[in-house]
Amino acid sequence: MVKGKIAGALREAVIEAQRQELLPSVALPDIVVERPQSTAHGDYACSSPLKLARIMGLNPLQIAERVAHLIAPLPEVEKVEVARPGFINFTLRRDWLAREVEAIRHAGRDYGGVDLGRGRRVQLEFVSVNPTGPLHVGHGRGAILGDTLANVLAASGYSVEREYYVNDAGGQIDAFYRSLYARCQQEAGRQEEIPQDGYRGDYVVELARQIMAEKGDALLVMPREEAVAEIGRIGLLRVMESIRADLELLGVNFDVWFSEKSLYDTGQYQQTMSLLRAGGHMGEKEGAVWFASSELGDDKDNVLVRSNGVPTYFASDVAYHYNKFVARQFDTVINIWGADHQGHVPRMKAVLRALDIDPARLQIIITQMVTLRRGGVELRISKRSGELVTLREVVDEVGADACRFVFLSRSTDSQMDFDLELAKKESAENPVYYVQYAHARIASILRMAAERNIDISRGDVSLLVTEPELGLIRRMIELPEVVEIVAANLEPHHLPHYALELATAFHGFYRDCRVISEDEALTAARLKLVDAARIVLARTLSLMGMTAPERM
RNA sequence: GUCCCUGUAGCUCAAUCGGACAGAGCAACUGCCUUCUAAGCAGUAGGUUCCGGGUUCGAGUCCCGGCGGGGACGCCA
């Protein structure tokens, strides 16, 4: 990547200046190269002289000039300029830019990839919603975020696994089973109350109706406990299947569906608890078993096993993470949690310390809440209250591509409003179509070229010299940089913004430059450019999990 | 009360570990389709970056203090 090469050359130049005693020998901070906002400042810029001024006790402009003189010539760089108050600006060679078109076409659908991960194994665990009901929009945000991040990490040289943790043990699922049982009884015309802590949504009634229609007779003659278990077993399968289907609608798929219950069945739960005990991290208080997390950075201790002998969700989570890091040996684990789980971060980190696992290997992304509205009215999305708008309804109304784009555009730490009415109304003017339209236009040009049997292969990219052409190429070669930023910071929201800029560059080019014309040589050269633009745009859309339409 | 996230154009959001003039998309206004897709392009208008201090060459960004919004503080998950 050019950006990296420039940073490297800069660093060498600074070191060389120090060796020649033009600059004092101080410890150097990272030399950062960035994209200036204004094209007047070239393609890349470095503000390190400004930062070094204080450490070195010199005028930043002087530092910039001394460094600039010592920068080794790069084949990509046309000129290096020093600008007040102490920037070093780089402008790329036009002929080099033009040749990148060939490089992009050569790389094909792999273009944009980087090797940040060097094959390291990373697991992304996301969604992991309790299988007690349908997904809502908030879950969609985590799903899209996780899936896109997985795409980008895979493109960044990581070996990625996507995992959904199925909470098929514990109190919540039990309450769901009992609620479902009660609805089944009611379906059969018997008196039965929904439990206090139960689920009251209509979907439970609907599910009960289905189950009773299929297996009612057998279930009604079973003893209560047995019937609850059997109804629960069927209900869990049904709910998980509908969750899987809803996610698939959004284009989100998982490699592994990991059962919480399996941690108990395979003894991994007991094994992990023994480790904690052996490490002296457990204590008993008021009849319950506690994890001494306050000794490891948390602000309080946490219960592992209740006084009634039932393990908490947290206890399973300890075993689960031991499984991730030790049994399955992931180098890095990324968990995507909703804002309502942020309080769990310190205790999970404490768990890793207790298990002698580097806490830095666990990265937890907290996504802020999504408020769903229809017009001005806020809609409740709680599963227990019953009244809810499901993710499926939203995807049906708005479309998967638009959903993904909208969710991805916001940074994870911002809470967001999702107004269904607005999303629908705007759908014709949605930025998502702006981007996809660029792809459709490209496809249209390439179709026309194919119909006329134009031979692209003879195209000479050195004919690409005008600003709209070069501007488009400048945007295209930015993709690897964006991929790297997204992967390094786990911030997918840069992707849609980049997509918009790339589309803008293309639309501008389209207006200014007729592609298929009487000039055969120029036509072939521009077709190569258009083809490269298609590759970059399609890759960008594909990283976001969106379709790249041939026609619109 | 303590902790976490957040406050940027009328609306929804960006702003590259503190960088050059705070940018897009909708909405508003003015133009542009006999030529590869007008779901497009060009232009206009729109800002005390919640408020007040501080740090420095430089602050939307960092620190302190307020105010507003959301979330978490459970032997629920």
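In what follows, chains are A, B, ... by sequence order, proteins preceding strands, each numbered from 1. Computed from a prediction, not measured in an experiment: that's the story for all the values here.
With sequence neighbours left out, A/Ala450 forms a side chain to side chain contact (heavy atoms under 4.5 Å, CB included) with no residue at all. Scored by the side chain to side chain contact (heavy atoms under 4.5 Å, CB included) test, A/Met348 finds A/Phe314, A/Asp317, A/His321, A/Trp337, A/Val351, A/Leu362, A/Ile364 as partners (sequence neighbours excluded). With sequence neighbours excluded, no residue satisfies ring pair (Phe, Tyr, Trp, His ring centres under 6.0 Å) with A/Phe405. Taking the salt bridge (Lys or Arg N to Asp or Glu O under 4.0 Å) definition, one finds that A/Arg526 meets it with A/Glu469, sequence neighbours left out. Partners of A/Lys324 by side-chain hydrogen bond (donor to acceptor under 3.5 Å, both in side chains), not counting sequence neighbours, listed by chain and number: A/Gln123, A/Glu125, A/Asn335. The side chain to side chain contact (heavy atoms under 4.5 Å, CB included) check on A/Thr504 picks up A/Tyr434, with sequence neighbours excluded.
One interatomic measurement links the two molecules: CE of A/Met416 to C1' of B/G7, which rounds to 17 Å at whole-angstrom precision. Rounding to whole angstrom units, CG of residue A/Asp401 and C1' of B/A39 are separated by 14 Å. Rounded to whole Å, the distance from CG on A/Asp417 to P on B/C26 is 20 Å. Taking atom CZ on A/Arg35 and atom C1' on B/A22, their separation rounds to 20 Å, with Å as the unit. A/Ile366 has its CD1 atom 12 Å from the P atom of B/U6, to the nearest Å. Straight-line distance from the CZ atom of A/Phe405 to the P atom of B/A24: 15 Å, rounded to whole Å. The interatomic distance linking A/Asp30 (CG) with B/U16 (C1') rounds to 14 Å, in whole Å. In this structure, OH of A/Tyr433 is placed 14 Å from P of B/C26, rounded to the nearest angstrom.
Within the shown strands, nothing qualifies as a pairing partner of B/A38 under the Watson-Crick or G-U definition with both distances less than 3.5 Å. B/G19 is paired with B/C57 under the Watson-Crick or G-U wobble criterion, all donor-acceptor distances under 3.5 Å. The partner of B/C73 is B/G1, judged by Watson-Crick or G-U wobble contacts that both fall below 3.5 Å. The nucleotide B/G25 finds its pairing partner in B/C11, both defining distances of the Watson-Crick or G-U wobble pair being shorter than 3.5 Å. B/G68: Watson-Crick or G-U partner is B/U6, with both key distances under 3.5 Å.
Evaluation of the side-chain hydrogen bond (donor to acceptor under 3.5 Å, both in side chains) test over residues 509-519 of chain A, restricted to residues two or more places apart or in two chains, returns A/Ser517-A/Thr523. Applying the side-chain hydrogen bond (donor to acceptor under 3.5 Å, both in side chains) rule to pairs touching residues 478-488 of chain A yields A/Arg35-A/Glu481, A/Tyr44-A/Glu481, A/Arg475-A/Glu478, sequence neighbours excluded.
A/Arg441 has no side-chain polar atom (N or O) that falls below the 4.0 Å cut-off from OP1 or OP2 of B/A39. At B/A14, one or more side-chain N or O atoms of A/Ser411 fall inside 4.0 Å of OP1 or OP2 (strictly under the cut-off). Contact between the side-chain N/O atoms of A/Tyr510 and the OP1/OP2 oxygens of B/A38 is found at a separation under 4.0 Å. Contact check, A/Arg347 against B/A72: no side-chain N or O comes under 4.0 Å of OP1 or OP2. Using a 4.0 Å cut-off, no side-chain N or O of A/Tyr313 falls inside it from OP1 or OP2 of B/A77. The phosphate of B/A42 (OP1 or OP2) has a side-chain N or O of A/Arg511 nearer than 4.0 angstrom.
Relative ring orientation between A/Tyr264 and A/Tyr269 is described as tilted, the plane-to-plane angle lying within the 30° to 60° band.
In the model, A/Thr132 has no side-chain atom that pairs as donor or acceptor with a side-chain atom of A/Gln172 under 3.5 Å.
Across the C1' atoms, B/U56 and B/C51 are found 22 Å apart, a figure rounded to whole Å. One P atom belongs to B/C17, the other to B/C62, and the distance between them is 12 Å to the nearest Å. Comparing the P positions of B/C26 and B/C21 gives a spacing of 28 Å, expressed to the nearest Å. Nucleotides B/C5 and B/C63 place their P atoms 10 Å apart, quoted to the nearest Å. Separation of the C1' atoms belonging to B/G7 and B/U61 is 14 Å when rounded to the nearest angstrom. Look at the C1' atom in both B/U44 and B/G71: the space between them is 42 Å, to the nearest Å.
When the nearest nucleotides of RNA chain B are assigned to A/Arg84 and A/Ala443 by heavy-atom distance, the more 5′-ward of the two goes with A/Arg84. Nearest-nucleotide positions on RNA chain B place A/Leu50 closer to the 5' end than the other of A/Leu50 and A/Asn308.
Taking the charged nitrogens against the carboxylate oxygens, A/Asp531 and A/Arg534 do have a contact shorter than 4.0 Å, which makes a salt bridge. Between A/Arg347 and A/Asp301 there is no salt bridge, since none of the side-chain N atoms of the basic residue sits less than 4.0 Å from a carboxylate O of the acidic one.
Residue-level contact check: A/Glu451 touches neither bases nor backbone, having no heavy atom under 4.0 Å from any strand. Nucleic acid contact for A/Val32: base, since at least one base atom lies under 4.0 Å from a heavy atom of the residue.
The base of B/G19 sits within donor-acceptor range of the side chain of A/Lys51, with an N or O pair under 3.5 Å. Looking at A/Asn89, its side chain comes within 3.5 Å of the base of B/A20 through a donor and an acceptor atom. A donor-acceptor contact under 3.5 Å is formed by the side chain of A/Ser307 with the base of B/C75.
Side-chain proximity of A/Met448 to the nucleotides B/C36, B/A77, B/G25 is greatest for B/C36. For A/Arg306, taking side-chain heavy atoms from C-beta onward, the closest of the listed nucleotides B/A72, B/C76, B/C36 is B/C76.
Of the candidates A/Pro131, A/Ser128, A/Ser262, A/Pro131 is the only one forming a side-chain contact (heavy atoms from CB on, under 4.5 Å) with A/Val166.
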Identify all pairs in which a protein N or O lies below 3.5 Å from an N or O of nucleotides 67-70 of chain B, and state each distance.
unit_1, atom_1, unit_2, atom_2, d
B/G69, N2, A/Gln415, OE1, 2.7
B/G70, O4', A/Gln415, NE2, 3.3

Could you write out each protein N or O paired with an N or O of nucleotides 32-35 of chain B at a distance under 3.5 Å?
unit_1, atom_1, unit_2, atom_2, d
B/U35, O2', A/Arg514, NH1, 3.3
B/U35, O2', A/Arg514, NH2, 3.3

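Listed by residue number, the members of residues 479-500 of chain A with any heavy atom below 4.0 angstrom from RNA chain B are A/His493, A/His494, A/His497, A/Leu500. Only A/Gln37, A/Ser38, A/His41, A/Ala45, A/Ser47, listed by number, bring a heavy atom of residues 37-49 of chain A to less than 4.0 angstrom from any atom of RNA chain B.
Stacking between A/Phe87 and B/A20 is present: the aromatic ring centre lies within less than 5.5 angstrom of the base six-membered ring centre, and the two planes differ by under 30 degrees.
Listed for the A/Lys79 side chain is no donor-acceptor partner under 3.5 Å among the backbone atoms of A/Thr91.
In this structure, B/C33 is classed as syn because its glycosidic torsion stays within 90° of zero.
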